[in-house]
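Letters A, B, ... mirror the listed sequences (proteins, then strands); counts begin at 1.
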Protein chains: 2
Amino acid sequence: MDAKISTSFRELCGRHGLAVTHQRQVLYEAMQRMHGHPSPEDVYHRVRKRIPSISLATVYKNIHLFIESGILREVSLHHGSLRVERNEHPHHHLICTVCKSITDIDEIYLGLSAKPSRLPGGFLAERYAVDILGRCKSCQT
Amino acid sequence: MDAKISTSFRELCGRHGLAVTHQRQVLYEAMQRMHGHPSPEDVYHRVRKRIPSISLATVYKNIHLFIESGILREVSLHHGSLRVERNEHPHHHLICTVCKSITDIDEIYLGLSAKPSRLPGGFLAERYAVDILGRCKSCQT
DNA sequence: TTCGCTGCAAAGGTTTTGCATCGGA
DNA sequence: TCCGATGCAAAACCTTTGCAGCGAA
């Protein structure tokens with residue numbers, strides 16, 4: 001129906017079991033062009049220029065599908081609600097991509113001694129926070 | 001008024017310019033005992049056992065004050081709303097603790113070659129995500 | 001006495017859900 | 001035709017805010 005839908009997008013959808021719709025194509029193209037770290041609202045505003053009737057719910061649903069397919073990635077895996085921890089000895093986090101659990105890991109296990117040498121844009125580094133993403137024992141099937 | 005308020009908590013508050021209140025003391029003690037990564041709701045439920053009339057707003061306000069004082073730390077500095085990025089070549093993030101901006105940094109700048117040797121609890125690592133926290137150029141005053 | 005802290009209720013922002021309809025396979 | 005996708009509106013969270021009264025300094 002829509003001649004503008006490219007073969008490569010059809011293949012991408014086929015590979016991930018997604019139907020090829022006009023909204024999905026426009027969303028995908030918009031996000032390919034948006035650099036940085038857009039929020040769903042950012043994407044929504046941008047896509048509305050091409051499909052004024054698109055709904056925010058559709059944007060959310062497709063973003064989640066793209067994340068599940070690995071086409072997109074969440075910048076932070078634990079943005080759901082504020083989480084705090086005591087500010088004590090240096091440690092980092094093991095984050096299970098399946099159950100989203102967070103486990104502390106002592107800095108000593110990481111063997112991270114290197115300091116960033118040159119940081120772009122004059123950024124002044126204070127500390128590292130390392131997330132190790134993977135699967136916890138019970139999510140390894 | 002409350003004999004249970006410890007000298008060390010008085011000193012802590014004094015050091016950070018915070019008034020010593022019963023709610024604040026109970027919140028502080030509860031969070032010192034809560035390991036892991038509690039949410040404000042978690043803290044609220046716990047503290048309600050000792051102060052049934054405490055309000056969730058008070059919990060939020062005090063958590064923020066504790067974070068500003070450095071007594072607590074946020075597990076993720078960018079949990080506000082979902083942010084996505086394209087899943088492309090390996091990079092990490094420079095996060096400004098003042099303006100919360102996120103800038104990409106290529107993995108090559110980090111000099112991170114070490115792989116975690118032994119991970120506790122049988123965790124299966126897939127990738128690293130490194131946040132470098134500090135101040136961006138314009139937030140260095 | 002003063003000003004910060006608390007509790008309440010309301011508002012604000014983000015994300016999800018239910019459902020009727022539409023449209024791709 | 002069938003089932004997934006869409007749009008809409010409502011609901012469900014999570015967090016902040018305004019304000020009156022209370023209490024620490």
Side-chain angles (χ1 to χ4, degrees), chain A residues 1-7 9-28 37-45 47-48 50-69 72 74-84 100, chain B residues 1-5 7 9-28 37-45 47-48 50-69 74-84 100:
Chain A
M1 162 226 160
D2 196 324
K4 287 181 295 185
I5 291 184
S6 70
T7 307
F9 183 67
R10 285 191 185 284
E11 282 166 2
L12 185 76
C13 288
R15 227 178 299 136
H16 295 103
L18 301 174
V20 177
T21 69
H22 183 221
Q23 285 86 340
R24 190 161 286 159
Q25 154 101 348
V26 172
L27 278 165
Y28 176 76
H37 313 88
S39 67
E41 199 75 26
D42 295 335
V43 176
Y44 178 57
H45 284 323
V47 168
R48 242 146 62 112
R50 288 181 59 196
I51 310 179
S53 63
I54 201 170
S55 76
L56 185 55
T58 297
V59 174
Y60 271 97
K61 286 166 189 167
N62 278 291
I63 284 178
H64 287 311
L65 289 172
F66 287 148
I67 289 170
E68 280 167 35
S69 302
L72 291 180
E74 295 179 73
V75 171
S76 165
L77 282 198
H78 34 99
H79 62 89
S81 97
L82 176 62
R83 295 304 182 92
V84 292
K100 313 272 167 155
Chain B
M1 161 228 160
D2 194 326
K4 288 180 298 185
I5 290 184
T7 308
F9 184 67
R10 284 191 186 285
E11 281 166 1
L12 185 76
C13 288
R15 226 178 297 137
H16 295 103
L18 301 175
V20 178
T21 68
H22 183 220
Q23 285 87 339
R24 190 162 284 161
Q25 154 101 347
V26 171
L27 277 165
Y28 176 75
H37 313 87
S39 67
E41 199 76 26
D42 295 335
V43 176
Y44 177 58
H45 283 321
V47 168
R48 245 152 53 116
R50 288 180 58 195
I51 311 179
S53 63
I54 201 171
S55 77
L56 186 55
T58 297
V59 174
Y60 271 97
K61 286 166 188 167
N62 279 292
I63 285 178
H64 287 311
L65 289 172
F66 287 147
I67 289 170
E68 281 167 33
S69 302
E74 296 179 72
V75 172
S76 165
L77 282 198
H78 35 99
H79 62 88
S81 97
L82 177 62
R83 295 305 181 92
V84 293
K100 314 269 167 155

Note to self: Whether B:His22 contacts C:dC5 is assessed here as follows: a side-chain N or O lying under 4.0 Å from the phosphate OP1 or OP2. Is that the case?
What the structure shows: no
Margin query: Counting the atoms with a prime plus P, OP1 and OP2 as sugar-phosphate, which does A:Ser39 contact under 4.0 Å by heavy atoms, base, sugar-phosphate, or nothing?
Written below: nothing
Notebook entry, point to check: What does A:Leu56 touch in the nucleic acid at a heavy-atom separation under 4.0 angstrom: a base, only the sugar-phosphate, or nothing?
Noted result: base
Notebook entry, point to check: Given atom CG of A:Leu18 and atom C1' of D:dA5, what is their separation to the nearest angstrom?
Noted result: 11 Å
Notebook entry, point to check: B:Ile63 CD1 to C:dC5 P: how many Å, rounded?
Noted result: 16 Å
Next item on the list: For B:Ile54 and D:dC22, give me the distance from atom CD1 to atom P, rounded to whole Å.
Entry: 18 Å
Item checked: Under-3.5 Å donor-acceptor pair between A:Lys61 side chain and D:dG7 base -> yes
Margin query: Between C1' on C:dT6 and OH on B:Tyr44, what's the gap in Å once rounded to a whole number?
Written below: 13 Å
Next item on the list: Output the single nucleotide from D:dT6, C:dT6, C:dT15 whose closest atom is nearest the side chain of B:Asn62.
Entry: C:dT6
Item checked: Atom-pair distance (CZ on B:Arg24; P on C:dG7), nearest Å -> 11 Å
Next item on the list: Tell me what A:Ala19 touches on the nucleic acid: a base, only sugar-phosphate, or nothing, going by heavy atoms under 4.0 Å.
Entry: sugar-phosphate
Item checked: Shortest non-hydrogen contact from B:Val20 toward B:Cys13 -> CG2-CB, 3.8 Å
Item checked: Phosphate OP1/OP2 of C:dC5 contacted by B:Thr21 side-chain N/O (<4.0 Å) -> no
Next item on the list: Show the numbers, then the answer: is there a side-chain contact (heavy atoms from CB on, under 4.5 Å) between B:Thr7 and B:Glu11?
Entry: CA-CA 6 Å; B:Thr7 308; B:Glu11 281 166 1; 3.9 Å; yes
Next item on the list: Please check the phosphate of D:dG23 (OP1 and OP2 only) for any side-chain N or O of B:Gln23 closer than 4.0 Å.
Entry: no
Next item on the list: Report yes if a side-chain nitrogen or oxygen of B:Ser81 is closer than 4.0 Å to either non-bridging phosphate oxygen (OP1 or OP2) of C:dT14; otherwise report no.
Entry: no
Item checked: Position toward the 5' end of DNA chain D (nearest nucleotide), A:Ala57 or A:Leu65 -> A:Leu65
Check: Under 4.5 Å between any side-chain heavy atoms of A:Phe66 and A:Arg24, yes or no?
Finding: yes
Notebook entry, point to check: Taking NE2 from A:His64 and C1' from D:dA5, how many angstroms apart are they, rounded to a whole number?
Noted result: 15 Å
Next item on the list: Nearest whole angstrom, please: distance from the C1' of D:dC14 to the CG of B:Asp42.
Entry: 13 Å
Note to self: Taking the minimum atom-to-atom distance to the side chain of B:Ser55, which one of C:dC8, D:dG7, C:dA25 wins?
What the structure shows: C:dC8
Next item on the list: State whether B:Tyr60 places a side-chain N or O below 4.0 Å from either non-bridging phosphate oxygen (OP1 or OP2) of D:dT16.
Entry: no
Check: Tell me, do A:Ile67 and A:Ser69 make a side-chain contact under 4.5 Å, heavy atoms counted?
Finding: no
Margin query: For a 4.5 angstrom cut-off between non-hydrogen side-chain atoms, does B:Leu27 reach B:Ile54?
Written below: yes
Notebook entry, point to check: What's the CD1-C1' distance between A:Ile51 and C:dG23, to the nearest Å?
Noted result: 14 Å
